[in-house]
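Values below: every heavy atom of this structure, side chains too, minus hydrogens, waters and symmetry copies. Everything numeric here is computed off the predicted structure, so don't read it as measured data.
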Amino acid sequence: DLEDTFYFRNPTVIVEGQTLTFWQKVLPRQLWQRMQLLDLETILNQERIFWSKEALGLIKKRPLLGYGGGGWETVYRSNQTYNYTSTQVHNDWLQLGVETGVLGLAAWIGLWAAWLYFGIKAFKGSSGNDRTYVWAILVATATIAVHALIDFDLSLGAVSIALWFGFGIVSGLTQIEAPVHERTLGPRDKKRHRNHRYSNYVLLAIGVLCLLLTLFAISLIIGYNYGIKAVAAVEQGDGTRALEYFIKAGTYDPFEAAYNTDAARLYLLKGDADQAVVLGEKAARKDRFNWHVHLNLAEIYWQRGELEKSIQAATRARDCAPLVQDVNNSVARVYTYVGIRYLEDGNQDAAWPLFEQVAAMPGEFASYFEQLPEAVQNLWLPYRRLTVDEELALNVGIAEYFLGNTQLAVEYLEQAQKDEANRAEALLWLAVAKEKLGDREEAQGLINQVVELDEGVAQNYHVIVYLPTRDK
């Protein structure tokens, strides 16, 4: 590549009629091309800046101690301005602030201040090749620190080891002149002996603590292995053994909510709703920001007939991830099913507000997007935006039907029937809406289609067609 190298080093070169800039002349081609990609107009760079702003917002909410280890990954969806997926802030400094608060961030900054102090001291106390060595270590360590402002370097074990290695070298290169005193015997010898004895106790306590931490780590590993066995048992169709393994996994690893959630589902399949509720609630307490956990609990409550609690759990799930399409679809489903159950129980006053919330979702999606700044709208990729897809259209159509907007319900249900997974149910409700509009012949034709797809679903027609609607 001698010719290309010459172009970038020749001070008078003109390429394609343009004189190259100074940096284009002196920098390698690969580096210059990479630098051209680093601009604030690209979506990736804008997103990293935006995520840092959102991390600052989380720090303001819990400034003292933060959210704990893995805090960003746990809570960012409940605070995001647009729907993105990023388990890392792409700024290790601010991510540490989210997890440990201002106190942890201050300790981190203090560590770097100590590094700078010892680094300058080591640099001044060296000369020749030793000074070059110190300078190289300082630059390498500083490079990690600076790059960690725009990426998640320290989430990678190898980079973290290199950083701590650099800290250790800088500290070790510092020349510390300790005063030398001649040992003298005196009345304080007994006190020193006692202090030496106390130091042995301290070492013993540290050893015991290390042993306890080791045993705890082993317990977590055992729990993880039982979790793997449980998943394998589920895949093999052995629900009894899977339940046993999930319970053991939760015992050895009491912090993982997923084991309780999976065990709760298996208990629900066995018909033991009481035990399912116990484990579901335990999982919700462990992982308060996990929308999967809350939706699972909402289903358990619904199966048990505790409708109000089911609504509360579903609402909590939406609070955890308000801009995720699947969450809104699932919450709309819970609201719709609970609303129908209220109508079956004759509690119309409780049913109408639920249907209204589902019917309002399309308008809420549009209004939220429109009030965002244009820069944020551009960051929100089209395929991640909230929309009325076929799954949501089914529940919105059902809600509009019960609210008396039958023609609008037909439009949504015609969209919903394009989804093969819910086609039978969408056709069923479409037949009910057509019956409401007086088109009995078309309604019967739709019912015939439902019978061909799923005869069990078709049997619900004669029940739901007589449920009351709030006609306008």
Side-chain angles (χ1 to χ4, degrees), residues 83 85 265 291-292 294-296 298-299 302-303 310-311 314 317-318 321-341 343 351 354-366 368-369 380-437 439 442-465 467 469:
N83 183 20
T85 300
R265 290 173 181 168
W291 57 271
H292 294 281
H294 294 290
L295 283 177
N296 178 72
E299 181 182 354
W302 185 84
Q303 293 279 4
S310 179
I311 290 297
R318 196 182 188 195
L323 302 182
V324 177
Q325 184 71 45
D326 290 342
V327 176
N328 285 277
N329 291 351
S330 299
V331 171
R333 189 70 166 169
V334 174
Y335 285 0
T336 302
Y337 268 69
V338 173
I340 294 173
R341 182 72 66 85
L343 291 180
L354 295 177
F355 293 133
E356 289 173 352
Q357 291 185 61
V358 176
M361 282 185 174
E364 291 175 354
F365 295 169
Y368 180 82
F369 182 79
W380 199 342
L381 300 176
Y383 70 92
R384 288 187 175 275
R385 295 173 188 170
L386 293 174
T387 184
V388 183
D389 57 11
E390 286 82 4
E391 184 178 352
L392 183 59
L394 172 60
N395 297 295
V396 174
I398 296 172
E400 294 288 7
Y401 165 78
F402 282 115
L403 293 174
N405 305 318
T406 311
Q407 189 58 52
L408 185 58
V410 169
E411 296 177 8
Y412 281 116
L413 292 170
E414 286 179 344
Q415 177 187 351
Q417 59 93 23
K418 298 177 183 178
D419 181 14
E420 292 296 330
N422 298 314
R423 180 173 171 77
E425 186 177 0
L427 290 175
L428 172 68
W429 285 100
L430 188 58
V432 173
K434 292 292 185 180
E435 177 75 20
K436 186 73 173 179
L437 293 173
D439 194 346
E442 185 173 357
Q444 186 58 50
L446 292 169
I447 288 298
N448 293 337
Q449 295 183 49
V450 177
V451 171
E452 294 178 1
L453 293 172
D454 192 332
E455 189 173 353
V457 173
Q459 294 176 358
N460 295 319
Y461 177 80
H462 298 291
V463 176
I464 61 179
V465 75
L467 291 175
T469 61

**Report entry** For the student: nearest non-hydrogen atoms of V358 and A332, plus distance
**Finding:** CG2-O, 3.9 Å
**Report entry** Minimal non-hydrogen separation, A298 against A314, with atom names
**Finding:** CB-N, 3.8 Å
Report task. List the steps, then state whether side chain to side chain contact (heavy atoms under 4.5 Å, CB included) holds for F369 with T387. Result -> CA-CA 10 Å; F369 182 79; T387 184; over 6 Å; no
**Report entry** Pairwise distance CD1(I464) to CH2(W429) - rounded to 0.5 angstrom
**Finding:** 4.0 Å
Report summary line: Separation between NE2 (H462) and CD1 (I447), nearest 0.5 Å, reads 7.0 Å
Query raised in the report: Looking only at heavy atoms, which two atoms of W291 and A317 are closest? And how far apart?
Result: CB-O, 3.5 Å
Query raised in the report: Does the side chain of V450 come within less than 4.5 Å of L453's, by heavy atoms?
Result: no
Requested in this report: Using the side-chain hydrogen bond (donor to acceptor under 3.5 Å, both in side chains) rule, pick out the option among E390, E425, Q449, R423 that qualifies with Q417.
Outcome: R423
Query raised in the report: Are side-chain heavy atoms of L392 and Q325 found at a separation under 4.5 Å?
Result: yes
Query raised in the report: Any side-chain donor-acceptor pair under 3.5 Å between N83 and R385?
Result: no
Requested in this report: Please confirm whether the backbone N or O of V388 pairs with a side-chain atom of Q415, one donor and one acceptor, at under 3.5 Å?
Outcome: yes
Query raised in the report: How many angstroms lie between atom OG1 of T406 and atom CD of E435, to the nearest 0.5 angstrom?
Result: 11.5 Å
Query raised in the report: Is any side-chain heavy atom of Q407 less than 4.5 Å from a side-chain heavy atom of L437?
Result: yes
**Report entry** Atom pair CG/CG of N422 and L413 - distance to nearest 0.5 Å
**Finding:** 11.5 Å
Query raised in the report: Looking at side-chain heavy atoms only, is the closest gap between L394 and D419 below 4.5 Å?
Result: no
**Report entry** Step-by-step side chain to side chain contact (heavy atoms under 4.5 Å, CB included) determination, R384 to T85
**Finding:** CA-CA 10 Å; R384 288 187 175 275; T85 300; 3.0 Å; yes
Query - Distance in Å, I398 CD1 paired with I340 CD1, rounded so as to fall on 0.5 Å steps - result: 5.5 Å
Query raised in the report: Do the non-hydrogen side-chain atoms of E299 and W302 ever get within less than 4.5 Å of each other?
Result: no
Report task. Could you tell me which non-hydrogen atom of S330 sits nearest to which non-hydrogen atom of L295, and how far apart they are? Result -> CB-CD1, 3.5 Å
Query raised in the report: What closest approach, in Å, do A409 and G397 show between heavy atoms, and which atom pair accounts for it?
Result: CB-O, 3.2 Å
Query raised in the report: Any luck finding a side-chain donor-acceptor pair between Q444 and N448 under 3.5 Å?
Result: yes
**Report entry** Side-chain H-bond candidate by donor/acceptor type, Y337 with R341, under 3.5 Å
**Finding:** no
Query raised in the report: Is the F355 ring parallel, tilted or perpendicular to the F402 ring (thresholds 30°, 60°)?
Result: parallel
Requested in this report: State the CD-OG1 distance between Q357 and T336, to the nearest 0.5 angstrom.
Outcome: 10.5 Å
Query raised in the report: Between Y368 and P322, is any pair of side-chain heavy atoms under 4.5 Å apart?
Result: no
Query raised in the report: Does the side chain of T469 come within less than 4.5 Å of L403's, by heavy atoms?
Result: no
**Report entry** Side chain to side chain, N395 and Y335, heavy atoms closer than 4.5 Å
**Finding:** no
Requested in this report: List the atom of A431, the atom of A443, and the distance in Å for their closest heavy-atom pair.
Outcome: O-CB, 3.4 Å
